[in-house]
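The shown structure was predicted, so the numbers you read here are calculated from the model rather than taken from an experiment. No hydrogens, no waters, no symmetry mates; every other heavy atom, side chains included, goes into these values. Chain letters run A, B, ... following the sequence lines, proteins first and then strands; every chain starts at 1.
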Amino acid sequence: MSHLVIRQVSKRFGSFVALDAVCLQAERGEFVVLVGPSGCGKTTLLRVIAGLEAQDRGSVVHAGRDISQRSPAERDYGIVFQSYALFPNLSVGQNVAYGLSNRRAGRALLRQRVDEMLTLVGLPGSDSKFPSQLSGGQQQRIALARALATRPDFLLLDEPLSALDAIERVRLRGEIRRLQQTLGITTLMVTHDQEEALSMADRIVVMNSGRIEQVGSPWDVYYRPENRFVADFIGRSNLIEAEAVDARHVRYGALTLCCGAELETGRRYQFNLRPENIRLLDASDAAPNSFFGHAEKCEFLGAVALVTFVPQAGAAGHRLPPLIAQVPSSHLVGRPIAPGSTLRASIEPEHFLPLRGSA
Amino acid sequence: MAPPARLRPGLPASGMLLLAAALALAVFLMLPLGALLLRSFTDAAGHWSLAQFQAFVAAPGMALAVWNTLWVAALVTAITVPLAFGYAYALERACLPFKGLWRLLGLAPLLGPSLVAAIAFIQWFGNQGVLRAWLGESSIYGPTGIVMATAFAAFPHALMILTVALATADARLYEAADALRASRWRRFTTVTLPNARYGLISAAVVVFAYSVSEFGIPKVIGGDFKVLAIEIYQQVVGQQNFGRGAVVALVLLLPMVFAFVIDQMVQRRQQAGLTARAVPYVPRPDWRRDAPLLLFTALVAAAMLAVLGMAVYTSFVTFWPWNLDLTLRHYTFGLAEVGVLDAYLNSVIIAALTALAGTPFIFVTAYLLEKTGRSQAWLRRAVHAMASLPVAIPGLVLGIGYILFFNHPNNPLGGLYMTLAILVIVNVVHYYTACHLTALTALKSLDREFEAVSASLKVAQVVTFWRVTLPVCLPAVLDISRYLFINAMTTVSAVVFLHAPQTMPASVSILNLDEAGEIGPAAAMATLIMATTALFSLAWTALAHYGLRRQQAWRHVRR
């Protein structure tokens, strides 16, 4: 049985449905990330698991024990909030020891555990400082140390990185992931940042309006989105609707494109095409599965550039919606793309796949 | 449906405590007000009737009292608010030397009972007054004196609101105005005034309400001028006509409730005022602005000193204005030997008990509201509504409600009547709202997740209350206790109906001394009260600064 099982959990706030029969499992030692736009129910789900919010229906089972009706103190987890919620009037050491002191641990033992935790999060010797003397990232580490000090059986992280600046955020997400793997602690994290989710998770849970849209590995969620929402939310995406003309080809406007999956002739499919899977060629190059287009704009982002272009529809005359291609900036050296210029784009069939849910 | 009660540890206990707080507020606030309503709408035989109101309307002079009360309050508001605004503006938006001193002098009237102003104005402008000539033909006894003394007494209340309103300014708006080359005057009317308008409305409401419900000043300096507050006092104390007193109290309540509703509406709209991104505005020296403001501030502060100083001086002068030798006989003969000094001790005890009992009750109730979850929403709403109500209830009205309720022969709590305890309780209730809001503001500034974190660490909520919530909120707790002490020390209005001869508070004894023509001893008693509240404030400030230095070390660390 899974370490943490959420069964059919529903929660309403007045007429607003925060969670709609959500089912989810986490294995022991797994890092599960709940991701979705604000108001999708991810934080509510975390708070239900923590016992901070009462579900209307459904159950939460931890290590085979139904904890649905237990108080937070009767559940065995550590939690870190976006605001850290460090006690400002207590020193770092007192904060970390907060959950230990009332367990009648010996003073020396307590001291030892605090030192151990501070070393673990990379801040040894900071125990006499007050939280306000630390940077945001350091405060976050102390909050983590405090949550882990009592050796909880699982860890809940509620947007733990969103109050930090970009550089600190990237650094800390690597550290949290390393710590989680070292301790092998089952962890549930909530975030609205899809890049954070992709980089940290064993498994990603994409949520929208109180429901789970897809559960899968970062790779799966990115490259095999099950529906439009997931494709749109995780990464940039070109969504194309086209009709199959035979088992391998679809008609898109006046274009016939080769696709990497078996199709049913005559059906309409939705395709998710990642910008980095569109290759840009010089107009004179020939390539399989390629077509001409007119560039609309070129947006330089540093390492890569985004090129927006309109595929040439050919004789049929109706305009196709623009596509976005992502190219390495090095590709543009010596051949800048000016608006209006003609270019040639090709799509690799193995990356041109219909959404699983589309019919 | 999951039983939410099990989800938070100790919730049943906190729920019971909240219920107890609600019951206490119901018994000591709602039931007395209910008794007042009941008494107003029944006749002598106990049947429902509007006879009391008909008699009120028909009574000679009542319409005049209503009219007088309203125009005096309007005039006091029109004088006090602009003065206080100018003063607050000078404190917050100009570069003046000795700001701390000006602030202290501006707030000084809070330290004494409002009667101090009345006594001092009589000494300055009365029939034997030094400045009698300034008034020409008119007399200080009457509306002139009432308006002057009330404006003085209400000034610090408006000043407190307006300094807060002007303290939080967004420098970016001023930079934008400068970048657009707005003139000084245009900047003032397009940025400063609009940003302070909620504070201005709030201050106007508070001053108006203060004037409507003020009773000590018209009693001492009003002469034959009829106002509603005096009418209540005469009906209840003079004629023992509780029914008529109740009706007048209800009439007095109307403008207060009106003001209260306006203020609530204004405050609700204010929520979205200043954003977290705002850059605080810091004034730069500019003599063209600072010099006139300094002159203005000094003039107002000098007037404050003149009024307070006259009261103190009167207490040491043998027989004004014929014998100006300094003496202590008002203290010795006037107070100690006729046993009036007991009243001073009563007041100190009452004020100490009000602070000691009121502070924990108010703070814990606010804590229960704010930090123990969201269940029992109706109970929370009820407690918050009751806590917000007292600001709209004039002390006199509360006092009459208490008489009618606790003096009722069938009330099991009747034993409280005429005790020290009832004076303490009525003070806590009377000054509840400001303390409640102070506590709520402090609690709301704490991280919402402290309780959740403690629960996840399996630490009981009461431990977190003791180790974190209370220490972090300590400055607010000290503020509350100081506010309660000072007000309990200086108030007249509610306690004037409720004291027994042996529990008479000092402020009430001033009224009696004044009525007996003993203006020297009255001033001496007022001086004693002011000295006590000033010392208490000083001690409290020192305690907050030095005594708790170790405990509050986290506030002062270097980053």
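- Heavy atoms closer than 4.5 Å to chain B are found nowhere in A:Leu134, neither backbone nor side chain.
- Highest contact tally toward chain B, considering only A:Pro152, A:Ser91, A:Pro88, is held by A:Pro88 [criterion: heavy-atom pairs under 4.5 Å].
- The backbone N or O of B:Leu470 sits nowhere less than 3.5 Å from a side-chain atom of A:Asn89 that would complete a donor-acceptor pair.
- With sequence neighbours excluded, no residue satisfies ring pair (Phe, Tyr, Trp, His ring centres under 6.0 Å) with B:Phe361.
- If you measure heavy-atom distances from A:Ile79 to chain B, the contacts under 4.5 Å come from both the backbone and the side chain.
- Between chain A and the residues B:Val453, B:Leu446, B:Val472, the most heavy-atom pairs under 4.5 angstrom are made by B:Val453.
- Considering only heavy atoms from C-beta on, B:Asp447 stays 4.5 Å or farther from A:Tyr84 through its side chain.
- Annotation: side chain of A:Phe87 is in contact with side chain of B:Ser454 (closest heavy-atom distance under 4.5 Å).
- Contacts between B:Thr464 and chain A at a heavy-atom distance below 4.5 Å involve backbone atoms as well as side-chain atoms.
- Sorted by first then second residue, the ring pair (Phe, Tyr, Trp, His ring centres under 6.0 Å) pairs that include residues 132-167 of chain A, not counting sequence neighbours, are A:His62-A:Phe154, A:Tyr77-A:Phe154.
- Nearest heavy atom pair, residue B:Val459 against residue A:Tyr98, reads CG2-O, 3.5 Å.
- For B:Leu23, the CG atom is densely surrounded, since the number of other residues' heavy atoms within 6.0 Å is greater than 12.
- For the pair A:Asp76/B:Lys458, a side-chain contact is recorded, criterion being any heavy-atom separation below 4.5 Å from C-beta on.
- Of the listed residues (A:Arg146, A:Lys129, A:Arg57), the one with the most heavy-atom contacts under 4.5 Å to chain B is A:Arg146.
- Screening residues 5-54 of chain A for ring pair (Phe, Tyr, Trp, His ring centres under 6.0 Å), with sequence neighbours left out, gives no hits.
- Only the side chain of A:Phe81 comes within contact range of chain B, with heavy atoms under 4.5 Å apart.
- Atom CZ of A:Arg7 is surrounded by 12 or fewer heavy atoms from other residues, nucleotides or ligands within 6.0 Å.
- At most 12 heavy atoms of other shown residues, nucleotides or ligands fall within 6.0 angstrom of atom CZ in A:Arg211.
- Against chain B, no residue from residues 20-30 of chain A qualifies, as none has a non-hydrogen atom under 4.5 angstrom away.
- The number of heavy atoms from other shown groups lying within 6.0 Å of CZ (B:Arg448) does not exceed 12.
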